[in-house]
Peer 1: 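Please read through the structure below; I'll follow up with questions.
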Amino acid sequence: MSLELSAPPQSEPACADDGVWLECIDCGEQFAPFEEIHYTCADCDGLLEVRYADPPTFEAFEGSGVWRYNAALPFKRGVTLPEGDTPLHEVPRLREEIGVDSLRIKHEGMNPTGAFKDRGMTVGVAVAKELGVGRLACASTGNTSAALAAYGARGDMETLVLLPKGKVAAGKIAQASLHDARILEVDGNFDSCLDIVQELAGRGEVYLLNSLNPFRLEGQKTIGFEILEEHYEEYGEYPDRIVLPVGNAGNTAALYKAFRELVASGALEESEVPTLTGVQAEGAAPMVEAVRNNRDEIQRWDDVETRATAIRIGNPVNAPKALPGIYNTGGTAVAVSDDEITAAQRQLAETGVGVEPASAASVAGLRKLRASGEISADESVVCLTTGHLLKDPDEAFNAGGDPEPVPNDTDAVLEHINDSNETVAGRVAQQFSKVADSSAVPAIIGGGLGLAYLGYRVLRSDDA
Ligand code: F0G
C-alpha cells in the first residue's frame, strides 16, 4: 500500500504483530511495531506509517468515541478520558453568507482537553505502555502539551514538554502545568523545540509523542471516520470537501490515511473521498507555498509569526504524508491573514461555536477560496475546528466585546441597557481602542474596514 488513494491491501509481513506493522513511506522497509522504538525509518530516515493486514469497513465499527474505530487501530482500547464523538454543528447563517450548499463545523475543541490531540494521545500513550517506556515528551505550540500532560497523568506516567517561550496561549500552559508535566520553555520556536525533543528521543532519554510518532496519527484518523459516518447519516452522502488548519500537517496526513484504508477495504469509492483543503496563517505557510507551486516537498521557514500560535510552525514534519493527501484528493491549500482568522473566530462565536484562532483558520480559508471561486457554490463542506475558545483567553478577549461598567442599582442598569445610542457609540469606541492596541491596527487604519465591521457587529447585536 503506497500513498496512492487506490493502493490495494497488503499481505502481512513476517515482522507483523497481530496484523499490524510499521512501514517506511519512502523505501518500503518494514518493522515490527512493538519490539523496538521507531519514529522514522532505520534505513533511510523516511516517515513511518502503521499498516494493517485487514483495512477497516464501516460494519466493523461499534461503540462510541475514538475506540469505536478499534478495527482500524493497533489496540482494542487505550488510556482514555474518553475522547472523540465530537459535534458536527450546523451553521446556517454562516453557510448562507459564505455561499455553499452545506456547511458543517466538526468541533474538535469538544474533546476532553479541548483539542483534537486527545485522539492521538489515547493511542500514543497506550503504545508507550506496551513498549514499556519511562518518560513521555513532546514539543508543542500548546495543545499537544496539554493533551500529553493529561493522558500521561491518566496513564500514571512522567511527562516532559518543550514549549517556545512566550508563544503559547495561557489556557494550554495552565493545563500542562496542572496535569503535572515538567514544562521546559525554549528560547526558540516550535520547530527548534521539536529538533531538541527528537534528539532526546534519539538518545533514548524520552518517548516522543509528537505527530512524527506514527501511532499518534492512528488516533487522529478517527476524525475522518467520524466525519464520514455522521455526514452520511444526516445527508445520505459524504462531504465533498474537508477544510482544515495545518501546522505540522499531522491531521491532513491522518484524514488521508483514514480515506485510503476505507478505499482499500472497498468501503469507500475513490470518487467519494472528500477533497482535502489545508489552511495556514500567512506568516507560517510553507505547505501553502509548496502546494501553490505544485512541489512535492516543503521548504522550511525559519521565521514564522501569527496570532494563531497553535499553527506557528515553519517545518511541517508530516508534509511528505500530507502533500499526497492534498494532491490525490484534488485538494488545495490557502493562506489567510491574522485579521481574517480573527473575523472568522468572531463569526463562529456568534453562532455559538467557540474556537481558538488556529481553528478559525479553516473557516477563513473556506471564505477566501469561495470568494476566489476555487470552491464552488454547490459543494458540501466540513470545516474542522481544532481547539476550544478557552485555550487562548487573551485572543478571545481581544476579539470580543468589553464588559460595560454599570452602577450597583437596578434602575440605573435598565437606563444603561436602554440607552442604545450611547451604548453603540461607547462600545464601538471601546472595541476600537482595544483593537488599536493589537497588531490589527495597520489594516484598520488602511481601509477603515475594521471599524466599519465593529460598528456593524454592535448594531447587529443591538438589533437582536
Ligand atoms: N489547530 C490547533 C488548535 C493545533 O493545536 C494544531 C497543532 C493544529 C491546528 C495543526 O495541526 O499539526 O496536525 O497540522 N498543534 C500542535 C501542538 C503543533 O503542539 O499543539 P497539525
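Note that ligands are numbered from 1 as they come in the structure, with each ligand's atoms numbered from 1 the same way. We count residues from 1, following the sequence as given. Note that the structure is predicted; figures quoted are calculated from it, not measured.
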Peer 1: Flag the pair F259 / Y238 as yes when their ring centroid distance falls below 6.0 Å, and as no otherwise.
Peer 2: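 No, the ring centres sit 6.0 Å or more apart.
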Peer 1: Just by distance, do the side chain of D85 and the backbone of S64 share a donor-acceptor pair under 3.5 Å?
Peer 2: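 No: the side chain of D85 does not pair with the backbone of S64.
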Peer 1: Which bit of I313 gets closer than 4.0 Å to ligand 1, counting heavy atoms only: side chain, backbone, both or neither?
Peer 2: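 Answer for I313: side chain.
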Peer 1: Side chain, backbone, both or neither: which applies to K172 and ligand 1 if a contact is any heavy-atom pair less than 4.0 Å apart?
Peer 2: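 K172 to ligand 1: no contact under 4.0 Å from either part.
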Peer 1: Of the protein's non-hydrogen atoms, which lies at the shortest distance from atom 7 (C) of ligand 1, and what is that distance?
Peer 2: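 Result: K117 NZ, 2.9 Å.
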Peer 1: Mind checking whether H38 and F31 have parallel, tilted or perpendicular rings, split at 30° and 60°?
Peer 2: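 Plane angle between 30° and 60°, so tilted.
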Peer 1: Would you mind checking which non-hydrogen protein atom is closest to atom 13 (O) of ligand 1, with the distance to 0.1 Å?
Peer 2: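 Looking at atom 13 (O) of ligand 1, the protein heavy atom closest to it is N251 N, 2.9 Å.
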Peer 1: Under a 4.0 Å threshold between the charged nitrogen and the carboxylate oxygen, would R95 count as salt-bridged to E90?
Peer 2: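 Salt bridge: no.
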Peer 1: So which of L244, L255, N143, L194 gets nearest to atom 5 (O) of ligand 1, if we judge by its closest heavy atom?
Peer 2: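 Among L244, L255, N143, L194, the closest heavy atom to atom 5 (O) of ligand 1 belongs to N143.
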Peer 1: Of the side chain and backbone of S140, name the one, both, or neither that has a heavy atom under 4.0 Å from an atom of ligand 1.
Peer 2: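 Contact part for S140 vs ligand 1: both backbone and side chain.
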Peer 1: Please write down residue, atom name and distance for the protein heavy atom closest to atom 17 (C) of ligand 1.
Peer 2: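 Scanning the protein heavy atoms, the shortest distance from atom 17 (C) of ligand 1 goes to T144 OG1, 2.9 Å.
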Peer 1: For the residue pair H107 and H89, categorise the inter-ring angle as parallel (less than 30°), tilted (30 to 60°) or perpendicular (more than 60°).
Peer 2: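 Rings of H107 and H89: tilted, 30 to 60°.
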Peer 1: For atom 11 (O) of ligand 1, find the nearest protein heavy atom and state the residue, atom name and distance (0.1 Å precision).
Peer 2: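 Of the protein heavy atoms, F116 CZ, 3.5 Å lies nearest.
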Peer 1: Check whether any heavy atom of G142 sits under 4.0 Å from an atom of ligand 1.
Peer 2: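 Within the 4.0 Å threshold, so yes.
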Peer 1: Could you verify whether a donor N or O on one side chain and an acceptor N or O on the other, from K167 and T309, lie under 3.5 Å apart?
Peer 2: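 Judged by distance alone, the side chains do not pair up.
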Peer 1: Using a 4.0 Å heavy-atom threshold (strictly under), name the region of I311 that reaches ligand 1: side chain, backbone, both or neither.
Peer 2: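 Contact part for I311 vs ligand 1: side chain (C-beta onward).
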Peer 1: Decide whether R182 and T159 meet the rule of one side-chain donor and one side-chain acceptor closer than 3.5 Å.
Peer 2: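 No, no side-chain donor-acceptor pair sits under 3.5 Å.
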